[in-house]
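Report on the structure given below.
For clarity, every value in this text was computed on a predicted model and none was experimentally measured. As the structure lists them, so they are numbered: ligands from 1, and atoms in each ligand from 1. Because only heavy atoms are used, hydrogens play no part in the values below, and waters and symmetry mates are left out as well, while side chains stay in.
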Amino acid sequence: MSIQWFPGHMAKAKREAKEKMKLIDVVIELLDARIPLSSRNPVIDEITQGKPRMIILNKVDLADPNVTQEWKKYFEKQGHVVIEVDSQKGKGIKGIPPAVNTQASAMIERMIRKGMNPRAVRALILGIPNVGKSTLINRLANKKIARIGDRPGVTKSQQWIKVGKEMELLDTPGILWPKFNDEAVGFRLALTGAIKEEIFDFQESAVFFLNYVKVAYPEKLKERYNLTEIPDDIGELFDAIGKKRGCLVSGGHVDYDRTAEIVFRDFRTGKFGRLTLEQP
Ligand code: G4P
């Protein structure tokens with residue numbers, strides 16, 4: 001799902017997330033491992049209101065494993081618990097319930113001190129569109145949950161999904177908006193699928209991508225387009241890629257729109273292999 005975010009949408013999302021906050025003990029902040037900072041919501045601290053929380057880096061199968069380790073250290077230094085996950089294949093999922101429980105240890109101890117039997121820890125997944133919230137919820141639930149609420153006219157009450165004996169998950173995630181204050185953030189969101197294709201420019205996104213990849217992953221770029229060297233000039237790089245891929249218009253000129261779209265789709269479909277679009 002891609003949403004265009006207007007101030008009204010943001011206010012509503014914030015209100016809904018804050019409502020859900022009342023029901024839960026631990027917040028699971030879901031980030032895209034390829035763009036951990038750019039996929040973070042700007043007002044997450046305000047929304048979570050001091051609730052214990054942890055970070056899950058999702059889609060690690062698509063990200064550069066070395067950089068993922070650097071991001072993990074980066075967030076750990078800030079005091080966060082970080083778990084790496086591939087929700088599509090279910091890798092790393094098992095580590096989530098124990099980590100959620102650890103986050104709630106103070107609450108559990110309080111209940112025990114009061115002589116109560118500790119109840120299951122209640123968690124909520126928060127994240128921007130397309131980061132993998134539904135996929136992760138389905139994985140944790142170990143089944144395909146019917147998305148009743150998606151049908152028009154059907155309201156769906158919130159339900160708890162049991163994850164093992166000690167954790168319960170709210171079946172509807174909190175949907176948050178991404179940051180929009182920085183152009184580079186916008187390009188990263190566009191490239192990774194968090195923003196609708198209709199509202200951004202393929203050429204601009206491809207220029208951003210190529211300028212980044214030629215520095216961060218030159219070998220992957222050369223390999224993908226069979227280049228012996230990478231031209232410094234972005235126009236020449238477009239020419240080189242366009243010629244290799246037969247994107248020519250009359251007169252033998254390169255069709256930049258088509259070339260941009262090829263580069264964009266190649267990234268989206270994983271043709272460059274695993275890569276991360278921002279470094280800590
Ligand atoms: P959302 O609820 O946060 O909006 O995200 P959702 O679960 O719908 O996931 C968005 C897309 O990301 C889905 O692809 C999903 O399969 C994919 N995805 C989720 N987690 C992972 C992961 O760990 N690794 C990989 N490789 N993909 C993951 P989709 O339905 O095919 O949509 P799209 O790819 O056409 O956007």
Next on the checklist: For Glu19, is there an ion pair with Arg15 - N to carboxylate O distance below 4.0 angstrom?
Outcome noted: no
Checklist entry - Should you measure from each heavy atom of Leu62, which atoms of ligand 1 turn up under 4.0 Å away? => result 26 (N)
Checklist entry - Between Val131 and ligand 1, is there a nitrogen or oxygen pair with a distance under 3.5 Å? => result yes
Checklist entry - If hydrogens are left out, which of Arg268, Lys59, Gln88 has an atom nearest to atom 11 (C) of ligand 1, that is, the closest non-hydrogen atom? => result Lys59
Checklist entry - For ligand 1, which part of Asp86 has a heavy atom less than 4.0 Å away: the side chain, the backbone, both, or neither? => result both
Checklist entry - With sequence neighbours excluded, what pairs up with Lys94 under the side-chain contact (heavy atoms from CB on, under 4.5 Å) test? => result none
Checklist entry - Phe272 vs Tyr225 aromatic rings, parallel, tilted or perpendicular, using cut-offs 30° and 60°? => result perpendicular
Checklist entry - Got a sec, which residues hit ring pair (Phe, Tyr, Trp, His ring centres under 6.0 Å) with Tyr256, two or more places apart in sequence or on another chain? => result Phe238
